[in-house]
Amino acid sequence: MKCSINIKRKLGRRNEMIYGHFIEHFHRQIYGGVYDPGNPLSDEDGLRKDVLEAMRGIKVPVLRWPGGCFVSSYNWKKAVGPKRTPFFDKAWRVEDPNTFGTDEYVKMCRKIGCEPYICTNAGTGTAEEMSDWVEYCNLETEGEFAKWRIENGNPEPFFVKYWSIGNENYGGWEIGAKSAEEWGRLVLEAAKMIKHVDPTTELTAAALADLDWNINLLKHCGNRLDWISIHKYWDMIHETNACAGYEQVMAYTNDLETDINKVRGLLTAMGLEKQIKIAYDEWNLRGWYHPNAHTVKQGIRKEDYLYPRDKNDDNSLYTMADAVFSACFLNTCNRNCDLVGMANFAPIVNTRGCIYTHKDGIVLRSTYHVFDLYVNYLGEQVLDVWEEDPEQITVTDRLGGKTGVDEVGGRVQTEIDELDVIATYRETEKVVAIAAVNKNAETARYLELSIQGGFSGREYRICSVNGENVDSYNDIGSEQVKLVIGDWKPVPADATFELAPHSVNVIQIK
Ligand code: AHR
């Protein structure tokens, strides 16, 4: 495919928070994941040094916490101070010791070097409890909660800038689910109180690409929000853990922009497109496996609802399909960087995350290497590209083009673009960096580039994430998927570059 890069036409400055992450009190993300007191690999605060190092390696810019469904019945006050009250987490039906709370979370963010982003309890919680949390974190000394933070050994405010009102209060599975009308009212009051505590906070609220919900939300408090949160898992396998294979995952890449376009249209119609950005603050190809939990009839035996969660730890499930899909999603966010200002991979540690922990170390799953490649080798400016005759491939979509459903629909043949390409520019080093994904499972493809002024006398290198085949994955003691950095070479006369099958590539040209 031919691709012309217009270095003079910048689509926007990619917000580094597009490479954000999420961590929830679910299974082994916190306890037994990043927070593992007593493990020799942990530091004086019980945090896994190897995990923190891996997070720094992909320059985690923002880390959303503590949920997710967990937060909708979470009482933050029980998890600060010397006396921690274990509580029964009604979302995931486990006892949470509350030994990892706000103070521990903020300290972890400081060690990672990322912005904290707290999602508040708009399920059982009140606007007052949400704004009390902001007082605790952000006021100097005024009021009881700032004084409580100081008593707990933190004299300086935490300056938590990003706050979400609620998680997925639109969903019947969520504790404290609300009607669209109730939601608009609650968010308005919570936004008012939070901004009265700290007007410098940036606020988002739970939303989805649904007109009625969003119109109500934005009508009531559009003028008080800085972000709107949307979530998406394409391979919805909460009840089955039947991970889609490579071909089906490629079919999902046809559905990467749908929700962004819907929200863009609504914000524009309401005149809010310059004020409110999209926080895609939970996304992952694969939904998490937790059978009999998001259902009306709950599991009774632990074998039915609790122990199956361990199956998320099966590293063989996370293959080049996850890497190729995630790269296409990140390309989509970059293409829409004028509106998508944040995206949080859900989650970062264990479950379906990019970092897997075990007692003796970590495994960097295929998706980790995509973040490493994009964060460290792409530019911050997104350039306009024009593609000539993009090739398409036909794939079978077992869900009949309907992603986000569990049941198998009618099989349909669907056409997808074979390559997914964006161009970026690293201003400081004057390097053009093209992210080029070849979705074809078997065949290498060739990308012919052109740019104003041509490439003569310039050098290039290709940095690639790939494995032997589409099912390659990383596990303890086995690394089948790697990030390989090529050597600098003169740009070939025809400016044509080979893209290996099922590969994620960044072509840097200096
Ligand atoms: O499957 C995990 C859940 O997905 C998160 O807790 C929630 O926010 C989303 O529904």
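Note that the structure is a prediction, hence the values are computed from the model and not measured. Hydrogens, waters and symmetry mates are skipped; everything else that's a heavy atom, side chains included, is used. Counting starts at 1 for both ligands and their atoms, in listed order.
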Sub-3.5 Å pairs, protein N or O with ligand 1 N or O:
from	atom 1	to	atom 2	distance (Å)
ligand 1	1 (O)	H290	NE2	2.8
ligand 1	6 (O)	E24	OE1	2.7
ligand 1	6 (O)	E24	OE2	3.2
ligand 1	6 (O)	C69	N	2.9
ligand 1	8 (O)	N167	OD1	3.3
ligand 1	8 (O)	N167	ND2	3.0
ligand 1	8 (O)	E168	OE2	3.4
ligand 1	8 (O)	E282	OE1	3.0
ligand 1	8 (O)	E282	OE2	2.6
ligand 1	10 (O)	E168	OE1	2.5
ligand 1	10 (O)	E168	OE2	3.2

Discussion item. Working to the nearest 0.5 angstrom, can you tell me the gap between K59 NZ and N376 CG?
Written reply: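 Spacing of NZ (K59) from CG (N376) equals 3.5 Å.
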Discussion item. Suppose the criterion is salt bridge (charged side-chain N to carboxylate O under 4.0 Å, His left out): which pairs have a residue in residues 129-138, not counting sequence neighbours?
Written reply: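 Only K77-D132 qualify under salt bridge (charged side-chain N to carboxylate O under 4.0 Å, His left out).
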Discussion item. Between F145 and W133 (judged by ring centroids, cut-off 6.0 Å), do the two rings come close enough to count as a pair?
Written reply: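 Not under 6.0 Å, so no.
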Worksheet entry | ring pair (Phe, Tyr, Trp, His ring centres under 6.0 Å) partner of W76, chosen from Y136, F87, F100, Y105 |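 So the option named by the test is Y136.
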Item to complete: Could you tell me how the ring of Y74 sits relative to the ring of F70: parallel (under 30°), tilted (30 to 60°) or perpendicular (over 60°)?
Response: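 Plane angle between 30° and 60°, so tilted.
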Discussion item. Going by side-chain hydrogen bond (donor to acceptor under 3.5 Å, both in side chains), W65 matches just one of H21, Q29, H25. Which one?
Written reply: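 Going through the options one by one, the only one that passes is H25.
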